[in-house]
Amino acid sequence: PPADGLFASGGEALWPVDTGHDVYSVVAVKGHLEARAADGVSHVGRAGLTPVCEYRFESPDYGLTGRVRSDGAVYIADSHNIYLYNDGSVTRIASGFNLIRDIYVDRWDRLWAATYQGVYLFFGTDFVNHRLTDANDLARAIAVDADGHQVVGTLNGNVIVDGRMVSRGAPGS
């Protein structure tokens, strides 16, 4: 957050939420906002941040990303690990990734991770890696478009839709 802290808004009002935590992301879960900070998960409200789960994330140096499953459980990723936050506790479910840049939960509640080693799909209890054909390129972002197609953006400006290159960027773009 900026030096003067994290703020929230409701209608016309703007109020300070917190100035003492390194909040990396805020996610809407079951009708309320939850903040992810290096030291755990908190509810966001007019009274500020209310800690609900203390947890020291191992590698939050590039931030924490959160994505909600349909049952309200939240996948959280730091630079090298993926966690599951559910019912007030955090469990690390996978580790050893080379710089996770983004995660996504699809309509079947499967977890996808865009990393410097390609795109991973968490299926059952294992990750399946889908490497980019260009060894000098890195997956940077992952999402699904309005038609339900998986879209991956890369460091070199390439756009891959459902595993097919649809736009080729210039190296280093």
Seminar exercise, completed: OG1 of Thr154 to CD1 of Ile142, rounded to nearest 0.5 Å, is 12.5 Å

Exercise. Hey, are the side chains of Tyr104 and Val144 touching, using non-hydrogen atoms and a 4.5 Å cut-off?
Worked result: yes

Problem set entry | For Val119 against Ala139, the heavy-atom pair lying closest together | CG2-CB, 3.9 Å

Problem set entry | Gap between atom OH of Tyr120 and atom CH2 of Trp112 - 0.5 Å precision | 13.0 Å

Problem set entry | Under 3.5 Å donor-acceptor, Ser79 side chain and Leu99 backbone | no

Exercise. Got a second to check how far Ile82's CD1 is from Thr91's OG1, nearest 0.5 Å?
Worked result: 13.5 Å

For this session: Apply side chain to side chain contact (heavy atoms under 4.5 Å, CB included) to the pair Val68 and Val105, showing each step before the final yes or no.
Result: CA-CA 7 Å; Val68 183; Val105 176; over 6 Å; no

Problem set entry | Intermediate values then yes/no, side chain to side chain contact (heavy atoms under 4.5 Å, CB included), Ile76 and Asn81 | CA-CA 8 Å; Ile76 301 171; Asn81 306 284; over 6 Å; no

Problem set entry | Test side-chain hydrogen bond (donor to acceptor under 3.5 Å, both in side chains) applied to Asn156 and Asn136, step by step | CA-CA 8 Å; Asn156 289 344; Asn136 295 316; over 6 Å; no

Problem set entry | Minimum heavy-atom distance Ala38-Pro60, with the two atoms named | CB-CG, 4.0 Å

Seminar exercise, completed: Exactly one candidate in Tyr24, Tyr83, Tyr62 meets side chain to side chain donor-acceptor pair (under 3.5 Å) with Asp78; the answer is Tyr83

For this session: Quick one: sort the His32 and His43 rings into parallel, tilted or perpendicular, breaks at 30° and 60°.
Result: tilted

Exercise. To the nearest 0.5 Å, how far apart are CG in Leu33 and OG in Ser25?
Worked result: 11.0 Å

For this session: With sequence neighbours excluded, tell me which residues meet salt bridge (charged side-chain N to carboxylate O under 4.0 Å, His left out) with Asp71.
Result: Arg69

Problem set entry | 4.5 Å side-chain heavy-atom contact, Val44 and Val23 | no

For this session: Supply the atom-to-atom distance Arg92 CZ to Leu84 CG, rounded to the nearest 0.5 angstrom.
Result: 13.5 Å

For this session: Would you indicate whether the side-chain heavy atoms of Ile100 and Tyr116 approach each other to under 4.5 Å?
Result: no

For this session: Could you list all the salt bridge (Lys or Arg N to Asp or Glu O under 4.0 Å) pairs where at least one residue sits in residues 143-157, not counting sequence neighbours?
Result: none

For this session: Could you give me the CA-CA distance, side-chain angles and deciding distance for Leu121 and Leu111, then say whether side chain to side chain contact (heavy atoms under 4.5 Å, CB included) is met?
Result: CA-CA 6 Å; Leu121 167 62; Leu111 176 66; over 6 Å; no

For this session: Considering only NZ, NE, NH1 and NH2 on the basic side and carboxylate oxygens on the acidic side, decide whether Arg36 and Glu34 come within less than 4.0 Å.
Result: yes

Problem set entry | Between Tyr75 and Tyr85, ring centroids under 6.0 Å | no

Problem set entry | Smallest separation among heavy atoms of Ser42 and Pro51, with atom names | OG-CA, 3.4 Å

Exercise. Taking the side chain from His80 and the backbone from Ser95, do they hold a donor-acceptor pair closer than 3.5 Å?
Worked result: no

Exercise. Regarding Asn98 and Thr115, is there a side-chain donor-to-acceptor distance under 3.5 Å anywhere?
Worked result: no

For this session: Given side chain to side chain contact (heavy atoms under 4.5 Å, CB included), test Asp39 with Tyr55 step by step and report yes or no.
Result: CA-CA 5 Å; Asp39 59 356; Tyr55 190 87; over 6 Å; no

For this session: Heavy atoms only: give me the nearest Asp109-Ser70 pair and the separation to one decimal.
Result: OD2-OG, 2.6 Å

For this session: Apply salt bridge (charged side-chain N to carboxylate O under 4.0 Å, His left out) to Arg67 and list each qualifying residue two or more places apart in sequence or on a separate chain.
Result: Asp102

